[in-house]
Amino acid sequence: MSKSTSLAAQGVLFANCIPYFSTLYITPLFEMVRRFSQNYVAPFIESSPVGRLFSGETTINNVLQRSFKNKSQMLFSFAYTDAERVRGVSADKNCIDEIQYMDISFLPIIHETLSASRDWGIIQYAGTPKTLDNTIEKLWNDSSMAEWVIRCPHPGCGHWNIPALEYDLIKMIGPVHSGICETVPGVICAKCAKAINPRPAAQGGTGRWVHRNASKRWSFVGYHVPQLIMPMHYSDPEKWQKLVDKMNGKGNVPINVFYNEVCGESWDSGSKLVTVTDIKQAACLPWPCLVDEAKKHIDSYIYRFVSVDWGGGGVSRGKSSMSLQSYTAIAVCGLTPDGRVDIIYGFRSMTPHEHVREARLILGIMQTFHCSHVVHDYTGAGTVRETLLVQSGLDPANILAVAYVGPAKSGLINFKPANEFHPRNHYTMDRNRALNYCCQFIKSHVIRFFQYDHRGSEDTGLLHDFLNLIEDKAESGSGRDHYRILRDPAGPDDFAQAVTMGTMMLFQMHGRWPDLSAYESMNISDEVRSAMKGRALEDPE
Ligand SMILES: [Zn+2]
């Protein structure tokens with residue numbers, strides 16, 4: 001069963017069940033909608049044994065319009081470079097296929113076609129995920145995010161298998177064997193590795209939809225359908241062999257094709273440093289990100305720093321190779337007596353050009369949270385702003401200026417005394433290592449945050465900035481691996497930068513670095529191991 005077949009069948013069914021029902025189908029390109037209309041919708045009408053009942057001489061049947069005897073119709077259009085073509089059309093339902101290629105800003109224009117629909121106004125999207133920054137990924141994150149969860153029926157196990165990449169999907173792909181059939185599927189339990197049946201209970205299996213964002217269940221439902229839960233794949237040894245081969249990269253199938261097409265998951269060549277799950281687990285402090293709530297807890301900390309990543313408003317500042325708007329992000333970081341760093345409070349200022357206002361804002365936050373120092377990024381935007389902080393009455397000795405640098409041989413952080421070229425004492429920080437280090441601290445709960453603050457794409461909060469950090473392990477021509485941390489163009493990373501600088505400087509000034517191995521038996525990346533080795537040897541001050 002393919003996505004297009006399913007959409008076409010549903011379309012013809014809706015049209016003939018509801019009189020005067022108008023469905024508008026949109027794909028990015030004309031060729032896509034032509035293929036859908038001709039190859040998928042037309043056969044349902046023309047080869048239907050009851051076709052005479054709903055289609056005939058009085059109805060229209062061409063590529064861009066198909067009407068029925070009950071006055072319902074299916075309209076087909078496309079919108080790649082603009083959405084002008086659909087203006088003036090009136091519909092009860094919009095169905096947008098291949099949404100991954102569609103510009104998200106066209107959607108409101110397209111959905112205007114529903115404004116006259118009194119009883120319906122249904123919107124349906126379908127597509128295959130590609131990279132992490134595209135339309136389908138945004139819509140998916142806003143939806144109820146339903147996964148076809150399969151509970152393991154074997155005694156003593158009972159594991160809830162979630163076929164999503166961040167959970168069990170890969171482990172659920174069992175080995176190929178000749179006995180694969182409807183009753184012995186290729187899908188296995190991620191925990192006990194025994195075969196499990198994805199069918200729903202009524203058909204003898206243990207599968208069912210579970211909505212991750214249950215509150216969106218009735219307003220914006222979304223379903224993730226990876227190939228491995230479809231009977232045509234898991235009950236046929238040959239199809240299963242193909243699926244496993246794709247996973248193993250046979251026939252030069254790139255890994256992103258496997259993730260996109262087979263798993264139905266977005267994937268970039270780079271990968272995220274932390275997952276949503278990591279962030280949610282680290283956001284375990286009991287208060288929300290509100291000044292009045294957060295300031296009640298300041299006495300639990302030995303030191304408190306306020307850390308600022310200045311916004312440049314469209315300047316990339318070498319932070320990332322992809323330039324986008326950037327705002328000033330502020331993090332209040334506190335060192336606990338047991339050597340952790342808590343992010344007590346955070347704020348994003350949307351006015352990066354109003355320097356005086358921002359300087360006052362930062363001084364206000366310092367006073368509220370009794371912070372001893374300001375940590376800020378000294379490169380680019382930071383110099384002018386530092387002058388303003390000093391003019392507003394801050395002692396320069398309480399300002400820790402940090403300049404991000406490329407891969408440094410000497411260590412993570414180095415103290416640079418003022419000289420004739422650099423009239424200011426400052427610290428250099430190895431950017432890639434510091435960010436990597438910070439993300440590992442988040443995963444091992446050395447860094448904890450105020451309550452999770454993401455409320456959907458309209459109100460993304462601060463913590464999701466960490467999800468916009470992606471690793472890029474491109475191999476350069478010289479054969480030497482080239483490791484960088486980039487910002488995903490889908491969103492800002494300023495808060496992640498502020499947290500990183502603040503945390504690193506707290507450890508640096510305190511003179512004690514956490515021993516990650518003491519926190520949990522997790523796999524620490526080589527990058528961090530080498531950063532930590534570097535730390536033990538050198539003494540920057
Ligand atoms: Zn099991």
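Counting starts at 1 for both ligands and their atoms, in listed order. Residues take their numbers from the sequence shown, with the count starting at 1.
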Is it true that Asp236 and Lys239 make a salt bridge, defined as a side-chain N closer than 4.0 Å to a carboxylate O?
-> no

Give the total of protein N/O/S atoms at a distance below 2.8 Å from the Zn ion (ligand 1).
-> 4

In terms of side-chain geometry, is the basic nitrogen of Arg199 or Glu182 positioned less than 4.0 Å from the acidic oxygen of its partner?
-> yes

Taking NZ, NE, NH1 and NH2 as the nitrogens, is one of them in Glu166 or Lys171 under 4.0 Å from a carboxylate oxygen of the other?
-> no

Arg35 and Glu98 ion-paired at < 4.0 Å | no

In this structure, are over 12 heavy atoms from other groups packed under 6.0 Å from Arg512 atom CZ?
-> no

What residue pairs, at least two apart or across chains, pass side-chain hydrogen bond (donor to acceptor under 3.5 Å, both in side chains) with a residue in residues 183-197?
-> none

